[in-house]
Enquirer: 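Structure incoming, see below.
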Amino acid sequence: AFDSEYFQLGYSDVEEAFNQYLLENPGRNFVLMGHSQGSHVLLQLLQNRIENDEALRERMISALIIGSLGRLEVPPGELSGGTFENIPLCSHATDTACIIAYDTIAAGGEEERPELLQPLPCVNPTLLGGEPSIAANTIFNRDEGIPFPEGVETNWIGYPGLYSAECEVDGFLGADTAPGRFTLLTPQLAQVFFGGTLHLVDYNLGMGDLLRIVETQAANL
């Protein structure tokens with residue numbers, strides 16, 4: 001819980017690190033990146049330090065609030081409201097001072113999904129800027145346990161266009177094998193491997209897209 005002493009202890013470290021960054025980098029812009037509990041911490045940082053500080057909002061390239069699983073609230077069909085009034089969801093890669101948020105799940109299998117009070121906010125990274133497409137630029141790290149093809153000796157491997165991603169009715173970012181492509185490691189199989197959702201690979205699915213988006217945003221700030 002946000003009000004627990006344990007959460008606040010961890011949060012205080014993050015805020016202190018943010019203060020140190022501002023001290024050492026006056027005027028330099030920044031990107032905030034979080035995942036799961038890290039996204040919960042960043043939501044509080046955004047609320048406490050950036051939501052009502054126009055000068056800091058002007059320096060924020062974007063905030064990647066990935067895998068927050070309902071902690072970020074935005075009214076369905078809107079870009080702002082709910083948790084934040086002054087920090088909207090991103091709708092194009094040239095937008096800045098905005099939030100990219102999504103929670104990944106395998107497409108289909110709706111009966112296995114968590115019940116939600118309202119749809120999750122979903123910003124599909126594959127559709128922002130550049131050459132928008134539902135085809136994702138997926139990147140895996142060897143340490144995550146994903147089997148690499150024989151002969152690949154690098155620690156990272158990219159699968160551009162192998163998977164697709166589309167925001168679904170309940171706000172989950174639904175991952176599937178892209179049309180016309182084939183893989184044994186389907187999102188549906190990976191979801192079983194990772195224990196019921198694709199939460200552990202939220203960033204991996206669109207990592208190449210996120211890198212492209214942030215680069216475009218930084219150039220437009």
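Computation of the quantities below employed the complete heavy-atom set of this structure, encompassing side-chain atoms and omitting hydrogens, waters and symmetry-equivalent molecules. Counting from 1, the numbers follow the sequence of the chain as shown.
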Enquirer: Who pairs with Phe140 by ring-ring contact (aromatic ring centres under 6.0 Å, His included), at least two apart in sequence or on another chain?
Expert: none

Enquirer: Just by distance, with hydrogens left out, do Asp95 and His92 show a side-chain donor and acceptor under 3.5 Å apart?
Expert: no

Enquirer: When you check the side-chain N and O atoms of Asn124 and Glu166, is any donor under 3.5 Å from an acceptor?
Expert: no

Enquirer: Gln20 and Glu16: side-chain donor and acceptor closer than 3.5 Å?
Expert: no

Enquirer: Rounded to the nearest 0.5 Å, what's the gap from CD on Gln37 to CG on Leu69? Could you check?
Expert: 12.0 Å

Enquirer: Are Leu210 and Ile100 side-chain neighbours, meaning at least one heavy-atom pair lies under 4.5 Å?
Expert: yes

Enquirer: Quick one: name the residues clustered hydrophobically with Phe182, using the 4.5 Å side-chain heavy-atom rule over I, L, V, M, F, W, Y, and just say none if it's on its own.
Expert: Leu184

Enquirer: Shared ILVMFWY cluster between Leu189 and Phe148, side chains joined below 4.5 angstrom?
Expert: no

Enquirer: State whether a side-chain donor-acceptor pair under 3.5 Å links Gln217 with Ser62.
Expert: yes

Enquirer: If the condition is salt bridge (charged side-chain N to carboxylate O under 4.0 Å, His left out), which residues does Glu15 pass it with, not counting sequence neighbours?
Expert: Arg49

Enquirer: If we ignore angles and hydrogens, is there a donor and acceptor under 3.5 Å between the side chains of Asn48 and Tyr11?
Expert: yes

Enquirer: Regarding His199 and Thr104, do their side chains bring together a donor and an acceptor under 3.5 Å, going by distance alone?
Expert: no

Enquirer: State, yes or no, whether a side-chain contact exists between Ile65 and Leu43 at a heavy-atom distance under 4.5 Å.
Expert: yes

